[in-house]
Structure formats: structure tokens, C-alpha cells
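Heads up: numbering here begins at 1 and tracks the sequence. Given the structure is predicted, the values throughout are model-derived calculations rather than measurements.
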Amino acid sequence: MKKVYISLGVMVVCIIAAVFLRKAMDNVELDYQEVKARVVSSESRQKRIRVNGRTTTQTVYDVVVSYGGKEYDLKNAHNIYMYREGADATVYLSKGKMYADLDGVRNSTPAGIAYFVALIGAFATFILAMCWWAKEGNKKKSGGSLQKM
């Protein structure tokens, strides 16, 4: 039972860290440049992924833009309708990468990465605690039914 309490404690710490990191992520000063880039190509494709033993499809948007004589893969594009080939699009250049919106720039900061790590850590420790708790419950059930002769 000690493992359960420790993992629940770590989960609480991760949740508290996520709250503070979310505020830090929202308040971080972003280093980016808003630019007009020419869309070189834009296409969507279906990607098959396995989730909990089931196969599902996910739409992936591959958009390439050109700015300043260089071509960039556009990060966090949510559709291809805004990025028609040959058209100009407003994108955000940050640290040598192009992003479709400011959320992409914000999520790529150290505070944004730490925030998502804290969220994943909270979820993982919760699942771990539940697994250990169920295992402890099974031990008590099977141990209590045996009698000494």
C-alpha cells in the first residue's frame, strides 16, 4: 500500500507543477517573427495508429512553406484549407522553425514542454497507483480466504 500512497503523492505534485507551469507558459515572452510565406505544398494523409489494441486513423497535415529562400515544414497545421499551394499565408518563425499559430510557438518553449511532461507524469502516476491499488486488493482477497488447519 506504500507504493500507492507514494504514487498518489507524486501525482499531486505533478498536478500542482502543471498548474504553475501552465501559468508560466501563458506568461512567457515569445520570441517569434510574424511573416508572410508562400505555400509550396499542402496535403493531408491518413495515418493508422493503434490505441488500446484497436486501430484507428488520424489525419496528418503536411504543409511546406517557403520564406527567405528556404523551405520549412509548417508545425501544428490544423488543416490544409488555409494553405493552398501558391498562396501566401501568415505564419510564425521562431528559432528556425515555422508554426501555424502562436500556440505552436508557446508549446515549443521550455515552459510549454515542461507543462506537458507534468501532465503526462500526473496521468501516468495515477494509472500506476490504480494498478498497484487493484493488486493490493487482490492480495487481500486471496490472502483472507485461506485458513490454517
Can you check whether [X] reaches [Y] side chain to side chain, under 4.5 Å on heavy atoms?
{"X": "Lys95", "Y": "Val105", "result": "no"}
{"X": "Val35", "Y": "Met98", "result": "yes"}
{"X": "Tyr92", "Y": "Leu30", "result": "no"}
{"X": "Leu128", "Y": "Trp132", "result": "yes"}

Nearest 0.5 Å, please: how far is [atom2] in [Y] from [atom1] in [X]?
{"X": "Asn107", "Y": "Lys75", "atom1": "CG", "atom2": "NZ", "value": "13.5 Å"}
{"X": "Lys135", "Y": "Met130", "atom1": "NZ", "atom2": "CE", "value": "15.0 Å"}
{"X": "Gln46", "Y": "Thr59", "atom1": "CD", "atom2": "OG1", "value": "3.5 Å"}
{"X": "Tyr61", "Y": "Leu74", "atom1": "OH", "atom2": "CG", "value": "13.0 Å"}
{"X": "Phe116", "Y": "Leu21", "atom1": "CZ", "atom2": "CG", "value": "11.0 Å"}

Exactly one of Lys2, Met1, Lys3 clears side chain to side chain contact (heavy atoms under 4.5 Å, CB included) with Tyr5, and that residue is Met1
Are [X] and [Y] connected, step by step, through hydrophobic side chains (Ile, Leu, Val, Met, Phe, Trp, Tyr) whose heavy atoms are closer than 4.5 Å?
{"X": "Val91", "Y": "Tyr72", "answer": "yes"}
{"X": "Tyr32", "Y": "Val63", "answer": "no"}
{"X": "Trp133", "Y": "Phe123", "answer": "yes"}
{"X": "Val19", "Y": "Ile120", "answer": "no"}
{"X": "Ile6", "Y": "Leu8", "answer": "no"}

More than 12 heavy atoms of other residues, nucleotides or ligands under 6.0 Å from CZ of Phe126: is that the case?
no
Intermediate values then yes/no, side chain to side chain contact (heavy atoms under 4.5 Å, CB included), Arg38 and Val65
CA-CA 5 Å; Arg38 173 117 5 215; Val65 295; over 6 Å; no
Locate the shortest heavy-atom distance separating [X] from [Y]; write the atom from each residue and the value.
{"X": "Tyr83", "Y": "Ala77", "value": "CE1-CB, 4.3 Å"}
{"X": "Glu71", "Y": "Val64", "value": "OE1-CG1, 3.9 Å"}
{"X": "Ser42", "Y": "Arg84", "value": "OG-CA, 4.4 Å"}
{"X": "Ile113", "Y": "Ser108", "value": "CD1-O, 3.7 Å"}
{"X": "Val39", "Y": "Ala89", "value": "CG2-CB, 4.1 Å"}
{"X": "Gly112", "Y": "Met25", "value": "CA-SD, 3.3 Å"}

Could you check whether any side-chain N or O of Asn76 sits under 3.5 Å from a backbone N or O of Ala100, counting only pairs where one atom can act as donor and the other as acceptor?
yes
Test item: Asp103 side-chain N/O and Arg106 main-chain N/O as donor-acceptor pair under 3.5 Å
no
Taking side-chain hydrogen bond (donor to acceptor under 3.5 Å, both in side chains) as the definition, give me every residue that meets it alongside Asp73, ordered by chain and number, with sequence neighbours left out.
none
Can a donor-acceptor pair be found between the side chains of Thr90 and Lys36 at a distance below 3.5 Å?
yes
Regarding Ser94 and Gln33, is there a side-chain donor-to-acceptor distance under 3.5 Å anywhere?
no
SB check Asp26 Lys23 (cutoff 4.0 Å)
no
Go through the structure and list residues passing side chain to side chain contact (heavy atoms under 4.5 Å, CB included) with Val12, not counting sequence neighbours.
Ile16
